[in-house]
Peer 1: 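There's a structure below that I have some questions on.
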Amino acid sequence: MKNQKTKKTLLIIVAIICAAAVFASALGMGKLSGVTITQTKQPAESFAIINIVGTIQAGNEGSARIGYDHNATLNYIDELMEDESNKGIFLDVDSGGGTVYESDEMYLKLMEYKEKTGRPIHAYFNSTAASGAYYISAAADYISANKNCWTGSIGVIISVTNLSGLYEKLGIEEILITSGGNKGMGSAGSPMKEEHIAIYQELVNESYDQFADIVAQSRGYSDQRVREIADGRIYSAKQALEIGLIDKISSYDEALEYMEETTDAESYYRQLYHLTPWEELMADIEDITPKSEMELALQLAAERYSGVPMYIMQ
């Protein structure tokens, strides 16, 4: 009886989603993080608004819902370098960070933009601009933040999910055939050894040194000072201003106005990616489809990037 009710509920929800998808398609609307985006006409001289929203990661593999498209953003910055009408970049940031590799790649691309064009980059922090999001923003010449923003979280984390207890409960045995004692470290079905933890710690320390150096260069800190404040903690906007992680507390509109005054240009936003109604439908169906314990565990492990170094707020 319970299964019949569940199936009936799913059918009703799917029908509603299909109707909404058809309606959205008819209106020709694009969506980003649930917000309808309206395209604007590019002024003769403008600075580009670029969103750093959601988890900073490669591509959109495995998920139709995406607030950040790494490759599309990199390609757009390349375009801006060759666009003579472009007068700067305004980073609209709302992210808790992401992977070490992609955070660094975006930072380097922004630095390349500045070195090649001599144009300014400003960053505005909305509710969150932590870890990898701050790493990217270190390329900015000026950083302002909403008064309710949380930022900082300067540090690195590697999270390794161990599922050996669940495997045992479900009668699953993981057999590793490796070429060396450390090849299988971090495997979900095996407890972590002290030697493996030490190896991961070395990787974390190296990525942390890289992060600390970039923040020191960007904000004019000594090595000692940056390591005093970069202990992984989160700072409020007021605290961040007091220690020099940001330059001003302001509203979004005030930050845009300051950028307009600095560049003597207008703001311009171009949508780089959007979800089709069909992608929205598939994502919604996936969300409401019941999952087994194993599926939920594997999904959690994937979302936490098990074994991957992260600049992310935890």
Side-chain angles (χ1 to χ4, degrees), residues 32-33 35 37-54 56 67-70 72-95 103 106-130 132-152 214-215 217-220 235-238 240-242 244-273:
L32 172 62
S33 301
V35 179
I37 302 297
T38 303
Q39 296 291 79
T40 59
K41 184 177 179 180
Q42 185 172 2
E45 292 190 342
S46 62
F47 59 87
I49 298 174
I50 294 180
N51 289 326
I52 306 295
V53 177
I56 300 161
Y68 173 80
D69 189 315
H70 187 67
T73 307
L74 289 173
N75 292 336
Y76 184 41
I77 296 172
D78 281 332
E79 288 182 34
L80 293 174
M81 290 187 206
E82 306 301 327
D83 184 357
E84 295 298 329
S85 68
N86 172 259
K87 301 303 177 184
I89 289 176
F90 183 92
L91 298 176
D92 185 1
V93 185
D94 201 347
S95 168
S103 297
M106 183 56 63
Y107 166 80
L108 292 176
K109 179 60 66 176
L110 289 168
M111 293 300 292
E112 179 188 351
Y113 167 89
K114 285 206 308 182
E115 291 167 5
K116 184 173 181 178
T117 67
R119 302 167 197 160
I121 297 176
H122 288 197
Y124 181 76
F125 295 169
N126 290 276
S127 63
T128 308
Y134 190 89
Y135 188 108
I136 288 174
S137 301
D141 304 286
Y142 188 85
I143 300 174
S144 54
N146 183 279
K147 64 181 180 180
N148 296 310
C149 174
W150 282 8
T151 187
I214 283 175
V215 174
Q217 293 170 20
S218 172
R219 306 308 295 179
Y235 294 98
S236 68
K238 181 180 178 182
L241 181 62
E242 290 174 350
L245 281 177
I246 66 173
D247 298 296
K248 187 177 182 180
I249 295 175
S250 73
S251 68
Y252 180 84
D253 289 340
E254 289 170 340
L256 274 183
E257 288 174 6
Y258 182 69
M259 184 70 170
E260 289 171 354
E261 294 171 1
T262 303
T263 60
D264 196 25
E266 298 178 49
S267 63
Y268 171 69
Y269 174 76
R270 187 176 89 187
Q271 184 181 346
L272 303 181
Y273 40 83

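We number each residue from 1, following the sequence as shown.
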Peer 1: Taking only residues two or more places apart in sequence, or in another chain, which ones meet Ala130 in a side-chain contact (heavy atoms from CB on, under 4.5 Å)?
Peer 2: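 If we apply the side-chain contact (heavy atoms from CB on, under 4.5 Å) test to Ala130, skipping adjacent residues, the hits are Thr128, Ser153, Met313.
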Peer 1: After noting the C-alpha distance and the side-chain angles of Leu241 and Tyr235, does the key distance pass the side chain to side chain contact (heavy atoms under 4.5 Å, CB included) rule?
Peer 2: CA-CA 9 Å; Leu241 181 62; Tyr235 294 98; over 6 Å; no
Peer 1: side-chain contact (heavy atoms from CB on, under 4.5 Å) with Asn148: which residues, sequence neighbours excluded?
Peer 2: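 Here the qualifying residues are Asn146.
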Peer 1: Should Lys116 and Glu82 count as side-chain neighbours, where that means a heavy-atom distance under 4.5 Å?
Peer 2: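 A side-chain contact under 4.5 Å exists here.
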Peer 1: Kindly indicate whether the side chain of His122, heavy atoms from C-beta on, has any atom under 4.5 Å from the side chain of Leu256.
Peer 2: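 They are not in contact (no side-chain heavy atoms under 4.5 Å apart), so the answer is no.
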Peer 1: Please give me the minimum heavy-atom distance between Arg270 and Tyr76, naming the atom from each residue.
Peer 2: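 Looks like NH2-CD1, 3.3 Å.
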Peer 1: Show every salt bridge (Lys or Arg N to Asp or Glu O under 4.0 Å) that has at least one partner inside residues 245-261, sequence neighbours left out.
Peer 2: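 Sorted result for residues 245-261: Arg219-Asp247.
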Peer 1: Taking Ile121's backbone N and O only, do any of them form a donor-acceptor pair with Lys114's side chain (distance below 3.5 Å, no angle check)?
Peer 2: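 Not a single qualifying donor-acceptor pair exists.
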Peer 1: How far apart are the closest heavy atoms of Ile143 and Ala140, and which atoms are they?
Peer 2: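 Of all heavy-atom pairs spanning Ile143 and Ala140, the closest is CG1-CB, 4.1 Å.
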Peer 1: Is it the case that the side chain of Asn86 and the backbone of Phe47 share a donor-acceptor pair, with hydrogens and angles ignored and the cut-off at 3.5 Å?
Peer 2: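 Side chain of Asn86 to backbone of Phe47: no pair is present.
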Peer 1: Taking side chain as C-beta onward, heavy atoms only, is Glu79 less than 4.5 Å from Asp83?
Peer 2: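 No. Closest side-chain heavy atoms not under 4.5 Å.
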Peer 1: For the residue pair Asn51 and Tyr269, confirm or rule out a side-chain donor-acceptor distance under 3.5 Å.
Peer 2: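 Per modelled atom types, Asn51 and Tyr269 side chains form a pair under 3.5 Å.
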Peer 1: Give the minimum heavy-atom separation between Ala138 and Ile214, together with the two atoms involved.
Peer 2: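 Heavy-atom minimum between the residues: CB-CG2, 3.6 Å.
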Peer 1: So, does Tyr124 use its side chain to make a donor-acceptor pair with the main chain of Ser250 at under 3.5 Å?
Peer 2: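 Looks like yes, one N/O pair under 3.5 Å.
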Peer 1: Quick one: closest heavy-atom pair of Ala48 and Leu80, and the distance?
Peer 2: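 Nearest pair, atom of Ala48 first, then Leu80: CB-CD1, 3.7 Å.
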Peer 1: Find out whether Ile77 and Leu110 are in side-chain contact, i.e. whether some heavy atom of one side chain is under 4.5 Å from a heavy atom of the other.
Peer 2: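 Counting from C-beta outward, Ile77 and Leu110 do come under 4.5 Å.
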Peer 1: Between Tyr252 and Phe90, does a ring pair (Phe, Tyr, Trp, His ring centres under 6.0 Å) hold up when you go through it step by step?
Peer 2: CA-CA 11 Å; Tyr252 180 84; Phe90 183 92; 5.8 Å; yes
Peer 1: If you take all heavy atoms of Phe125 and Ile246, which pair is closest and at what distance?
Peer 2: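 Shortest heavy-atom contact: CE1-CG2, 3.9 Å.
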Peer 1: Could you pull out the closest heavy-atom pair between Tyr134 and Ala129, with the gap in Å?
Peer 2: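 Looks like CB-O, 3.9 Å.
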Peer 1: Under a 3.5 Å distance rule, please check whether Ser95 uses its side chain to pair with a backbone N or O of Gly54 as donor and acceptor.
Peer 2: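 Judged by distance alone, yes, a pair lies under 3.5 Å.
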